[in-house]
There are 2 protein chains.
Amino acid sequence: MQTHKIHLLAQSVRRLLRRSAFEHVANLLSKLRPGDISHIMLELGELQQRRVFSLLIKKDKDLAGQTLTGMGLDPAIALLAHFSAEEAAAVLQELESDDAAQFISALPEDRAAAILDLMATEESAEVQGLLEHEAETAGRIMTPNVLAFQEVVTVGEAIHTIQNAEDLEMAFYVYVVDERSHLVGIVSLRGLLMVPPSTPLRKIMTTDILSVRTDTDQEEVARQVALYDLLAIPVVDEENKLVGVITVDDVIDVIKEEATEDIFYMAGVESDDRIYTPPRKSVRKRLPWLLINLVTALMAATIVAFYEPTIAKFSYLAVFLPVVAGMGGNSGTQTLTVIVRGLALGEVTWKSSRAALGKELAVALTNGVVLGLLCGAVAFAWKGSFELGFVLGGALIINILVAGVIGTLIPLFLIKLNVDPAVASSIILTTFTDMVGFLSFLGLATYFLTVVSSS
Amino acid sequence: MQTHKIHLLAQSVRRLLRRSAFEHVANLLSKLRPGDISHIMLELGELQQRRVFSLLIKKDKDLAGQTLTGMGLDPAIALLAHFSAEEAAAVLQELESDDAAQFISALPEDRAAAILDLMATEESAEVQGLLEHEAETAGRIMTPNVLAFQEVVTVGEAIHTIQNAEDLEMAFYVYVVDERSHLVGIVSLRGLLMVPPSTPLRKIMTTDILSVRTDTDQEEVARQVALYDLLAIPVVDEENKLVGVITVDDVIDVIKEEATEDIFYMAGVESDDRIYTPPRKSVRKRLPWLLINLVTALMAATIVAFYEPTIAKFSYLAVFLPVVAGMGGNSGTQTLTVIVRGLALGEVTWKSSRAALGKELAVALTNGVVLGLLCGAVAFAWKGSFELGFVLGGALIINILVAGVIGTLIPLFLIKLNVDPAVASSIILTTFTDMVGFLSFLGLATYFLTVVSSS
């Protein structure tokens, strides 16, 4: 449904809620897809959300669960906090166990335990099984409900089982296991249609299997599903026993999550810091990053302090200090972003990085000369000092050039050191561009304005 | 395949190429999946890539095409540039037409025309059909090969067609159309298995259809596929005639592309600026952004210029100018990123933004006070001036507080104005934090160091 329609529906819901026409709201929503209800929920105020969610719980717990899933983790957790453990358990047990596990693991420990206790035994056991695996691994995001058959089962028998299975909307592959549950083959749903019903699966299964282990990082899972254009990937334990499957819809969530992580790291924010995160927690996450920034900023400031005598004599130099540092930082960030994202998407490798460095140097030189000339001309026009124009232009060229080189090399070195380049690159870059900017500008100024002029 | 295995294979390929053992290379690669060959290609140098790709073209044009697709658009285009139009056409006509269209549209016009001329008539026509639609719309990224049946066709007939159809690996839904090609129903592949073969599709199809139009933005397509957990979405024209289908693997590409776009915009880079982009093109894309930055930096500098007399008297103030501006910029960027990404993921709405503002204010106040006290103490320790510590601390608190408010409001206002908040937010933010930083720090300094001290 289009965003503006969601908007109009949300308005209707608000109007109906104000009139306490709850039955109308419930009827209106029950005609919609869960994903659309989720979006409407996000448009409502907190109290309205709670009201609507109560109605959903009463009307259709499965729908309530799907609505919750579609809202995204943080808004959903915030909403769920206002409901009893009984209500939460009743909704969560309707979810796919991987979705339920995601919610449970985000809750405070005692509440999570209470909800697990109240959930139906089977669902609770499944969720607890998933929670035994590390966060962000295949074992955590898989669903343990997987369609597996022995090799001797015939196509006809397999089709019969599929016909009678519930909750298998997303089944497009049939997995074949030996008598000890080892994954030995895969047949696509379409493959089942291609042969007589009496054919044993052994005959048509492909044994060239792509699978991941329970401890495989979710980013690697996503990489494989995307790379090989899969709809699902089987998950095996360390003995190659089939324990679950990860479907492409979960992979899409992972890809979005990882992109968010990269975007956030570049800005010094952690990925679980959202608008719904309590302020105290956000402070605890953001302040350390700002403190590191403060230390490096003060380090760079000592360079300015060193040249204080020059500034005392030519106070107008202070006007351009932030300009030189800032332009270096900005152009370096452009380079950095291209390299970091290229690395994340697998487009940049250590091998191709030599070409990248040459290219970034050329770009930096051009940008540096243009901006240096322009900025130098502005300074000359302002103060009528040729020396100032020359010093400022020169410092800008130097700083932008260094920023281009450093912006290319930092992420490449970090990845060699097995550090996520998205995390630390930008702070190292700005430390460099601040320092080089101050040093080149004030160094040149001291030489040309003080030393040369007085000689 | 795991990254380190790819690495080892790439080393083997390089070794074999050096020994001119081309037959060995071809054999080695033919045993791998196309996605893995793509990754190996990205690890090779330019000349080696060309050598390997020649081998692939000779051995298996379909494999060569899939390898190209897996490399990503820019590296693939760079590689393709070294091959004749004949060779390019022979490879591209093996691709899915949406993939081929993506390559063709990225080529210079005359080369694109030459390749289209040389491609097989049917493939060329399909690609040209796609190219008639705007870039980044459903019509451009769809595949026109879609499995459609009339309502009266029976399940048995449909299954028979599927069994004999080629190139339908990704078919999980069967689409039902009326006699004038209007899309009227959908049946899942699994649905076909659930009923007797004599059942007409009309009886089992769902008429509650999710579809997109050819002119729907690809971001909206991706949003719907992700929201409703679809494996494919049908594409219709303005008369609701079925013209194509978009599968989930293409949606994954779109999601990655859109994430890249957002990451890049935040850093002032355009999304088609990659390491393989020629320097001249990169300059043309980045320089305008840097020029805007320069203008706003110079605007902020005029504030420093206004207070030059104060700096002339207390030159040590210059040391802290970049610190005040930088800390405001950094903390504001944290806020901005959380809001912009929340908007992109649909988690933040205009409605929930009031809560967000309150939260960000609380975070900014806490961070501001901590950083202000700390930085003030450092300045006091350095110069022994209580006034300096007070002025610096106060300016930091003010700037960080303003950054929190501005960082929340800018993206919200931009979205109200239908401007992509990822594009313009950060430049507006840093302009504000520079100005407010300089104004508060130098304003307070002028008052407390000059006016108050002299009275």
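Here the structure is a predicted model, which is why all the values come from computation and not from measurement. Just so it is clear, the values below take in all heavy atoms, side chains as well, and ignore hydrogens, waters and symmetry mates. Chain naming here is simple, since letters A, B, ... match the order of the sequence lines and numbering starts at 1 in each.
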Q. Is the number of heavy atoms from other residues, nucleotides or ligands within 6.0 Å of OH (B/Y316) greater than 12?
A. yes
Q) Considering residues at least two apart in sequence or located in another chain, which fulfil the ring pair (Phe, Tyr, Trp, His ring centres under 6.0 Å) criterion with A/F438? A) none
Q: Please flag which part of B/E360 lies under 4.5 Å from any non-hydrogen atom of chain A: side chain, backbone, both or neither.
A: side chain
**Q.** Max heavy-atom pair count under 4.5 Å with chain A, selected residue of B/L371, B/T366, B/V323, B/L192
**A.** B/L371
Q. Which of the residues B/L374, B/N367, B/I339, B/T333 is involved in the greatest number of heavy-atom pairs with chain A at under 4.5 angstrom?
A. B/N367
Q. Is it the backbone or the side chain of B/D250 that comes under 4.5 Å from a heavy atom of chain A, or both, or neither?
A. neither
Q | Minimum heavy-atom distance B/F320-B/A379, with the two atoms named | A | CZ-CB, 3.9 Å
**Q.** Top contributor to chain A interface from B/V269, B/I159, B/V283 [non-hydrogen pairs under 4.5 Å]
**A.** B/V283
**Q.** Option that, when pairs with chain B are counted at under 4.5 Å, heavy atom only, ranks first among A/N293, A/L361, A/I303
**A.** A/N293
(Q) For the interface with chain B, which of A/V340, A/T302, A/N330, A/V251 has the highest count of heavy-atom pairs at distances below 4.5 Å? (A) A/N330
Q: Between chain B and each of A/S38, A/G342, A/A305, A/G72, count heavy-atom pairs under 4.5 Å; write down the option with the most.
A: A/A305
(Q) For the interface with chain B, which of A/L287, A/V304, A/I252, A/I311 has the highest count of heavy-atom pairs at distances below 4.5 Å? (A) A/L287
Q) Given the options A/A297, A/G70, A/A301, which has more heavy-atom pairs under 4.5 Å with chain B than any of the others? A) A/A301
Q: Nearest 0.5 Å please: distance from the OG1 atom of B/T335 over to the CZ atom of A/R286.
A: 4.5 Å
Q: Can you tell which part of B/A312 gets under 4.5 Å to a heavy atom of chain A, answering side chain, backbone, both or neither?
A: both
Q. Side chain, backbone, both or neither: which part of B/I255 has an atom under 4.5 Å from a heavy atom of chain A?
A. side chain
Q. Between A/H39 and B/R223, do the side chains contain an N or O donor and an N or O acceptor separated by less than 3.5 Å?
A. yes
